[in-house]
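Quick caveat: nothing in here was measured; it's all calculated off a predicted structure.
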2 protein chains.
Amino acid sequence: MTHTDVTTRPAELAPCGQPDHPDCGIRDVLDRVGDKWSVLVVVELANGARRFRELERAIDGISQRMLTLTVRKMERDGLVLRTVYPTVPAQVDYRLTETGASLTHLVKALSAWSLDHRDAIAEARRAYDAEHPDNEIRRGSTPGTP
Amino acid sequence: MTHTDVTTRPAELAPCGQPDHPDCGIRDVLDRVGDKWSVLVVVELANGARRFRELERAIDGISQRMLTLTVRKMERDGLVLRTVYPTVPAQVDYRLTETGASLTHLVKALSAWSLDHRDAIAEARRAYDAEHPDNEIRRGSTPGTP
DNA sequence: CGGTATCCTCGCAGATACTG
DNA sequence: CAGTATCTGCGAGGATACCG
């Protein structure tokens, strides 16, 4: 039985975490582009084709290895197209496929959301930290606490 | 209210990976909800308030620890609201805040994207694997994990 | 029920070195 | 330039046990 019933639930979101329900696809998409590197590659390539080095430089902090892995995985998933030019000092460029390009969409929405709620979140954090001074949940922020 | 204009194709995406550019917020948002658990919590809470146990049951595979951590982090970020009822066998429920609710939007878009491109990706994978039988990039697939 | 505290593992990711 | 290969660590996250 294929539950091809994408039944576009207007208000509700299909259950996702269940093993019996196949899931709403969230887990898939997160496994695919849930890591920051993939997303940042999409961001870079959203503005046009880039060569390996260009990507490496554009994405601060990524290691050669991770870039290779990321870009390979994305190639395999059909999100990026890899083109090798047999020049002397080998040249390769990457560009988004149709499928990959459709992601820029989501990435932009994500970016917009972040920008939109960034200070609300910062504020919420401050409030929380003020009320829970002992709490050590500080994952993802407050750098100066070694 | 829909405020995140997902459909507009404005211009270019701001550079993100740079240390000198502040960044487009992508890294922030990924640090915040980039992990699958957070997203799945959003998905569950999108359909209404849930108690701890309910969340735990709804999100298959999550450990108690991770649920606590995830939900705490989200509380701190002002994405979920935690309410404790001082009943005898303590009762707590979680619901999305305004900010958190604005995420359901993105999550739905993510879900839609996944559903929409799921088989294209599966196909791309098969094609890739056929052409690269030696390659061991199989990260993100080969589900057989009990 | 709704957590916290502890331990322990395994795999992701960084650094480094070598090749075509 | 554009990778591949290898070693290693570190820490996210699962399992378990125990409290209010």
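To the nearest angstrom, P of dA2(D) lies 10 Å from CG of L67(A). To the nearest angstrom, C1' of dC1(D) lies 11 Å from CD of E54(A). The distance between atom OH of Y85(A) and atom P of dG3(D), rounded to the nearest whole Å, is 13 Å. As a whole-Å value, the separation of L30(A) CG from dG13(D) P is 12 Å. If you take CG of L69(B) and P of dA15(D), they are 15 Å apart, rounded to a whole angstrom. With rounding to whole Å, W37(B) atom CH2 is found 9 Å from dG13(D) atom P. Note: CZ (R57(B)) to P (dG2(C)) measures 11 Å, nearest angstrom. Per the geometry, CD1 belonging to I59(B) stands 14 Å off P belonging to dG13(D), to the nearest Å.
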- Item | Contact pattern, 5' to 3', of nucleotides 4-9 of chain D - B, S or - by protein heavy atom under 4.0 Å | B-B---
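Between dG14(C), dG14(D), dC1(D), one nucleotide has an atom nearer to the side chain of M66(B) than all others, and that is dG14(D). Ranking dG2(C), dC1(D), dG3(C) by closeness to the R53(B) side chain, first place goes to dG2(C).
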- Take K73(A) and D35(A) through the test salt bridge (Lys or Arg N to Asp or Glu O under 4.0 Å) and record every step on the way to the result. CA-CA 12 Å; K73(A) 192 178 67 159; D35(A) 58 300; 3.7 Å; yes
- Message: Is there a side-chain contact (heavy atoms from CB on, under 4.5 Å) between L106(B) and L110(A)? Walk through the geometry before answering.
- Response: CA-CA 7 Å; L106(B) 294 178; L110(A) 235 47; 3.6 Å; yes
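In this structure E123(A) satisfies the side chain to side chain contact (heavy atoms under 4.5 Å, CB included) test together with R126(A), sequence neighbours excluded. With sequence neighbours excluded, the residues satisfying salt bridge (Lys or Arg N to Asp or Glu O under 4.0 Å) with R95(A) are D93(A).
Of the residues near DNA chain C, K36(A) and A90(B), the one whose nearest nucleotide (by heavy atom distance) lies more toward the 5' end is A90(B).
Although no hydrogens or angles enter the test, the distance criterion places a donor-acceptor pair under 3.5 Å between the side chain of T97(A) and the main chain of L79(A). Of the possible polar contacts, none joining the S111(B) side chain to the V107(B) backbone as a donor-acceptor pair under 3.5 Å is found.
Looking at Y94(A) and R50(A), their side chains never bring a donor and an acceptor atom within 3.5 Å of each other.
At the heavy-atom level, Y94(A) lies under 4.0 Å from the strands shown only through sugar-phosphate atoms.
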